[in-house]
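Here is the structure we will look at.
These numbers come from a predicted model, not from an experiment.
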Amino acid sequence: MPDHHDQIPSREKVLIIGAGPAGLAAAAALKALEVPFDLVDRAKHVGGIWNEERADSPVWPSMEMISSREFTQYEDMLQPVSFPEFLSPGHMAKYLRAYAARHELTAHFRPGVEVRYARPFEDGVWQVELSTGEVLIYRAVISAHGIVERPHRPDWAADVPKSVQVIHSKDWTGPDGLEGKRVLVVGSGQSAADISVDAARRALEVRWSVRTGHWVVPRRIGGVPGDVAASREPALLGGLNEKIAEAVVGRSVGTPQDAGLPEPVLPLLEDSVIISDDVLARVREGRITPAGAITSVTEDGTVYHDGPSHHAGHLRYAPDLIVLATGYESGAGHLPEDVVPRTAAGDLDLFLGAFPRGRDDLVVLGQQRVAGGALPVLVEQADVAAYVLAASRAGGSSALRRFQQLRAGSESAVPVADSSAGSGVLGRLSGVLGAHKVTARASATTPRIGSGDEAGEMLVPAADRDTLLARLRSVRDLFA
């Protein structure tokens with residue numbers, strides 16, 4: 001039976017671009033509030049980057065997730081207990097498809113459809129051209145394209161000759177075929193660490209060019225998943241938590257500087273930590289060689305770099321493959337560059353990381369990096385977006401006016417007092433839907449892809465997750 005939304009003209013609908021975790025969260029929230037929408041994705045199935053059939057996915061089959069099963073689930077749907085404690089990309093893809101089926105989102109989904117452009121003409125009027133050739137009018141757009149659309153490449157990468165293969169971390173598929181080859185991984189974050197470990201399984205030699213030091217934290221602390229252990233720590237301990245955490249991690253895996261990597265710049269609880277059980281061990285074994293910043297590249301492909309310490313002088317290396325785990329630039333090809341103003345630092349000027357100031361008809365999800373994973377932030381943003389779009393469709397409300405006032409000002413004016421994580425759009429409906437109550441949104445689903453600290457403007461900015469979540473929940477509660 002066709003869905004009744006099929007009979008609604010696009011002029012009255014919201015268009016959701018991207019069917020990954022954020023797009024599905026937005027779709028479920030809109031459906032719960034009876035806001036009509038269409039959901040499109042260039043892939044044939046829902047799942048976003050977790051769709052293993054996507055050629056442009058930055059995940060690979062052997063990739064290990066950085067969050068445990070308990071913290072890698074939507075509020076209204078448990079992960080199956082048969083899944084491993086740390087999911088593979090394949091498990092996550094199955095879970096997202098099940099989530100879409102649970103909320104009957106596939107009835108609104110148009111697979112294999114790409115948005116060529118989406119342009120606003122006036123408030124509540126968007127002209128959208130699809131890869132099918134259709135030109136449609138929508139009343140609002142939620143761009144849930146994530147952060148992997150525009151890989152960033154440092155300037156020196158243009159000097160690498162064609163005799164040396166250069167790929168971005170987005171294109172990494174695993175270590176097959178690296179036997180006898182020398183690999184250079186460039187980047188300071190999670191992806192660089194994961195790829196270095198993966199490459200060391202097969203490659204003759206792996207060097208890891210790291211400019212910024214980060215703490216390395218194991219997946220489990222005392223046999224308990226690290227994110228679960230962290231959730232049990234009382235916040236009232238304050239600074240003592242930091243000392244305890246650093247001592248526990250140091251005893252468990254050691255410190256990066258002891259292994260030969262740069263010393264972390266920030267304290268552990270303020271850092272964008274690298275979660276890995278293997279990277280420090282591979283460095284100590286000599287299977288991964290730390291290197292400093294890249295300084296130059298010669299015509300024959302020889303790379304010069306600083307040593308792991310700037311006092312070590314310049315070293316040379318002749319890689320067969322260079323992997324750039326150097327982050328992503330903000331923005332989306334389907335949106336006009338001027339539709340969202342930028343700050344003086346070049347970042348998209350998005351209130352709470354998702355809402356362009358002055359617009360009630362556009363939401364941009366996935367344009368911020370957060371330590372600990374992006375899913376809880378994306379879901380809260382999707383909830384707020386659904387409330388805003390529902391209120392706008394109804395002609396306005398006092399909650400919408402208060403939201404508009406806050407959006408026009410500074411984010412620091414938004415209260416940070418946390419509210420119940422289970423009181424969102426779907427949390428409130430969980431009893432009606434028969435959903436189990438699960439752990440509050442407090443950890444990761446998506447991997448932190450690229451550290452973005454390898455120079456260049458317009459890289460996807462970082463935000464403090466806990467502060468952002470608290471503010472999002474405060475704004476969400478305006479509509480309660």
Side-chain angles (χ1 to χ4, degrees), residues 56 58 60 147-214 256 259-263 265 274 279 282-283 286-330 346 449-460:
D56 61 345
W60 60 94
I147 66 171
V148 301
E149 187 168 304
R150 295 180 171 183
H152 172 71
R153 292 173 174 252
D155 292 340
W156 58 261
D159 299 328
V160 179
K162 293 182 179 179
S163 57
V164 179
Q165 184 183 8
V166 181
I167 65 171
H168 194 273
S169 57
K170 179 180 179 180
D171 301 314
W172 177 259
T173 58
D176 290 349
L178 293 182
E179 293 81 359
K181 294 186 177 181
R182 291 179 170 84
V183 179
L184 174 64
V185 181
V186 182
S188 302
Q190 186 73 44
S191 289
D194 288 344
I195 291 172
S196 295
V197 170
D198 209 24
R201 304 180 200 275
R202 300 284 183 88
L204 174 66
E205 183 180 358
V206 176
R207 290 196 189 183
W208 179 16
S209 172
V210 184
R211 297 200 332 175
T212 304
H214 293 289
L261 291 166
E263 182 176 358
V265 176
I274 293 170
V279 69
R282 298 297 89 82
V283 172
R287 294 168 64 183
I288 298 174
T289 302
I294 306 302
T295 57
S296 64
V297 181
T298 63
E299 292 182 359
D300 65 356
T302 299
V303 175
Y304 285 84
H305 62 81
D306 289 330
S309 167
H310 285 290
H311 299 293
H314 295 295
L315 303 176
R316 56 182 294 170
Y317 186 50
D320 301 294
L321 170 66
I322 299 175
V323 184
L324 302 173
T326 49
Y328 296 83
E329 297 175 3
S330 59
I449 304 170
S451 65
D453 64 357
E454 296 297 324
E457 297 179 354
M458 297 171 58
L459 292 187
V460 176

CD of Gln190 to OG of Ser169, rounded to nearest 0.5 Å, is 11.5 Å
Taking all heavy atoms of Val164 and all of Leu321, pick out the closest pair and write down the distance.
CG1-N, 4.4 Å
Over all heavy atoms of both residues, which pair between Glu205 and Tyr317 is shortest? Give the atoms and the distance, please.
O-OH, 3.3 Å
Under 3.5 Å, is there a donor-acceptor pair between the side chain of Ser209 and the main chain of Val186?
no
Sidechain-backbone polar pair: Thr326 side chain, His152 backbone, donor-acceptor under 3.5 Å:
yes
Here the pair of heavy atoms bringing Gly307 nearest to Leu315 is CA-CD1, 3.9 Å
Closest approach of Val185 to Ala192 (non-hydrogen atoms, all atoms of both residues):
CG1-O, 3.6 Å
Just how far is it from atom CD of Gln165 to atom CG of Asp171, taken to the nearest 0.5 Å?
9.5 Å
Can you name the closest pair of heavy atoms from Gly174 and Asp198 and give their distance?
CA-OD2, 3.6 Å
Separation between CG (Leu178) and CZ (Arg201), nearest 0.5 Å, reads 12.0 Å
Considering all heavy atoms of both residues, which atom of Lys181 and which atom of Asp320 are nearest to each other, and what is their separation?
CA-OD2, 3.4 Å
Could you measure the distance from the CZ atom of Arg316 to the OG1 atom of Thr302? Nearest 0.5 Å is fine.
4.5 Å
When rounded to the nearest 0.5 angstrom, what is the spacing between CG in Leu324 and CZ in Arg153?
6.0 Å
Listed by chain and number, what are the salt bridge (charged side-chain N to carboxylate O under 4.0 Å, His left out) partners of Arg202, not counting sequence neighbours?
Asp176, Glu179
Would you say Ser196's side chain and Trp208's backbone share a donor-acceptor pair under 3.5 angstrom?
no
Mark yes when over 12 heavy atoms from residues, nucleotides or ligands other than Asp155 sit less than 6.0 Å from its CG; otherwise mark no.
no
